[in-house]
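Starting from 1, each residue takes its place in the sequence as its number.
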Amino acid sequence: MESRLAAHDGFDRDGVARTADAAHAGRLAASDAGYFADGFLRCFAGAAGLRRSPGAMINRGTFARLAAIGSACEQFLDACAAAGSPAQVVSLGAGLDTRWWALHALGRQPRLWVEVDQEEVVRRKALAIGRDAALHGALPEGAAAASLERGAVSSAAGYQLRAADLRDVSALEAALADAGWRPAEPTLVLAECVLVYLPPEAAAAVVALFGGAPGGGALAVYEQIGPDDPFGRTMVDNLRRRNCALLGLAACPSCAAQEARARAAGYSRAEAVPVLEYYEAAVSADERRRVERLELLDELEEWRLLLSHYAVALAVRDGRGGADAPLGALSLRAPVARLFPPPPADPPPS
């Protein structure tokens with residue numbers, strides 16, 4: 001199935017897989033520069049094949065991205081805890097993300113956290129977990145939880161890592177079932193720069209899988225928009241040259257289209273804004289001042305253009321009926337006062 005899909009839909013597995021390394025490099029650089037604290041990022045440094053320093057503009061954009069997705073995650077976990085409901089998080093195209101370890105360190109991990117990505121990315125991540133004491137030390141089974149033969153991780157702590165081709169929704173369903181996902185329980189889906197790489201029909205099928213689940217939940221999306229102006233055309237062309245064609249962008253090119261896709265999939269309400277608007281409206285003035293003092297940013301207009309060509313979206317549907325309760329309070333514009341403290345002096349040992 002994978003080879004047939006790869007041959008006909010323009011999806012480049014290797015090019016898209018490399019975005020995991022780029023995203024990790026961006027998070028690591030921003031953490032090192034003081035935008036937020038995540039000592040677990042260095043634990044995956046050996047698994048990332050890319051070494052670069054993105055610079056102030058990308059660091060500040062990375063902060064805005066993590067603030068938006070992190071706020072959605074915090075709100076969802078708080079809402080489920082207040083309602084006495086088990087929480088599940090499914091992270092699509094998770095790459096080398098470290099959120100589960102950060103939440104576990106705070107004692108805030110959900111009942112189930114499932115990460116799904118391509119086989120090569122999953123294999124590299126499983127290897128890193130098996131080798132690094134700070135990573136596998138959070139799992140009751142230790143290094144044995146990382147099954148290198150299967151290219152997967154299963155833990156009684158609720159962390160699950162699986163490989164699946166997201167263009168094949170039946171393969172995704174099988175991976176989720178194997179990981180213990182329960183459609184009848186609330187699920188937060190994280191989709192950061194992943195749906196936009198899929199053919200439109202595949203992206204719609206993935207969103208519909210969760211939007212139609214009886215337990216309801218929320219969907220948090222971060223991805224490119226605005227392909228039709230000069231900046232957008234350059235962005236699309238640059239990614240195409242790196243074998244990362246944005247196959248789904250034409251079908252979902254705006255915030256309005258992001259909202260419409262989520263509602264068509266079964267979510268009862270949806271909101272989407274450019275990341276620049278999110279940063280200026282949701283992040284507190286004090287936190288923006290802290291962030292903007294970290295590094296000199298000469299390309300202010302280019303930074304504003306960049307953040308205007310990415311959108312963050314939040315969609316919600318409660319499986320219990322009614323007006324989205326207990327998830328009704330989830331809001332894309334929830335204030336972010338100090339989501340990320342300064343980095344600690346001593347990061348977790350590796």
Side-chain angles (χ1 to χ4, degrees), residues 2 5-6 9-13 15-20 22-23 65-66 68-69 72-73 76 89-95 97 99 114-118 121-122 162-173 175-176 181 187-213 217-227 232 235-236 239-240 242-267 270-275 278 309-317 332:
E2 283 188 345
L5 288 170
D9 63 10
F11 182 86
D12 188 300
R13 291 174 56 85
V16 174
R18 284 193 294 271
T19 64
R65 168 182 179 170
L66 293 181
I69 299 299
C73 191
F76 177 79
V89 177
V90 174
S91 181
L92 302 173
D97 188 71
R99 281 190 188 89
V114 185
E115 296 183 344
V116 182
D117 212 314
Q118 295 186 51
V121 176
V122 167
R162 295 291 187 277
D165 188 328
L166 297 181
R167 294 169 296 165
D168 182 354
V169 73
S170 63
L172 173 59
E173 285 187 275
L176 292 171
W181 179 57
T187 302
L188 169 64
V189 180
L190 305 179
E192 299 180 62
C193 286
V194 57
L195 299 176
V196 73
Y197 292 117
L198 304 177
E201 63 276 9
V206 169
V207 178
L209 169 64
F210 298 102
L219 168 70
V221 175
Y222 170 91
E223 64 186 29
Q224 296 90 335
I225 57 170
M235 173 182 70
V236 170
L239 287 166
R240 186 184 297 113
R242 291 160 50 191
N243 297 323
C244 299
L246 301 179
L247 302 177
L249 184 54
C252 205
S254 65
C255 290
Q258 291 281 342
E259 294 170 353
R261 178 173 65 184
R263 288 193 296 267
Y267 288 97
E271 50 185 331
V273 296
V275 176
Y278 173 84
H309 284 78
Y310 281 80
V312 59
L314 179 67
V316 177
R317 184 179 74 82
L332 186 59

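- When atom types are taken as modelled, the side chain of Gln258 and the backbone of Ala272 share no donor-acceptor pair closer than 3.5 angstrom.
- Proximity of Arg13 to Asp165: side-chain heavy atoms (C-beta onward) are separated by under 4.5 Å at one or more points.
- Within the 4.5 Å cutoff, the side chain of Gln224 has heavy atoms near those of the Cys193 side chain.
- With sequence neighbours excluded, the residues satisfying side-chain contact (heavy atoms from CB on, under 4.5 Å) with Ala257 are Cys252, Pro253, Ser254.
- Expressed to the nearest 0.5 Å, how far CG of Leu195 lies from CZ of Arg261 amounts to 5.0 Å.
- Summarising the geometry of Leu314 relative to Ala218, their closest heavy-atom pair is CD1-CB, 4.4 Å, with the distance given to 0.1 Å.
- Tyr278 approaches Leu332 most closely through the heavy-atom pair CE1-O, 3.0 Å.
- For the residue pair Ala164 and Ala171, the shortest heavy atom distance occurs at CB-O, 4.0 Å.
- If you take CG on Leu198 and CG on Asp168, they are separated by 11.5 Å, rounding to the nearest 0.5 Å.
- Taking CG from Leu219 and OH from Tyr267, the interatomic distance works out to 4.5 Å, rounded to the nearest 0.5 Å.
- The heavy-atom pair separating Leu247 from Tyr197 by the smallest distance is CD1-O, 3.4 Å.
- Using a 4.5 Å heavy-atom threshold, the side chains of Tyr310 and Ile225 count as separate.
- Heavy-atom minimum distance, Ile69 versus Leu190: CG2-CD2, 4.0 Å.
- One distance of note links CD of Glu192 with CG of Leu92; it measures 10.5 Å at 0.5 Å rounding.
- The line from CD of Glu271 to CD of Glu259 is 7.5 Å long, rounded to the nearest 0.5 Å.
- One finds the CH2 atom of Trp181 at 4.5 Å from the CG atom of Leu209 (value rounded to the nearest 0.5 Å).
- Between the Asp117 side chain and the Val122 main chain, no donor and acceptor come within less than 3.5 Å of each other.
- Among all heavy-atom pairs drawn from Cys244 and Thr19, the shortest one is SG-CG2, 3.7 Å.
- Under the 3.5 Å distance criterion, the side-chain polar atoms of Arg317 are matched with a main-chain donor or acceptor of Gly211.
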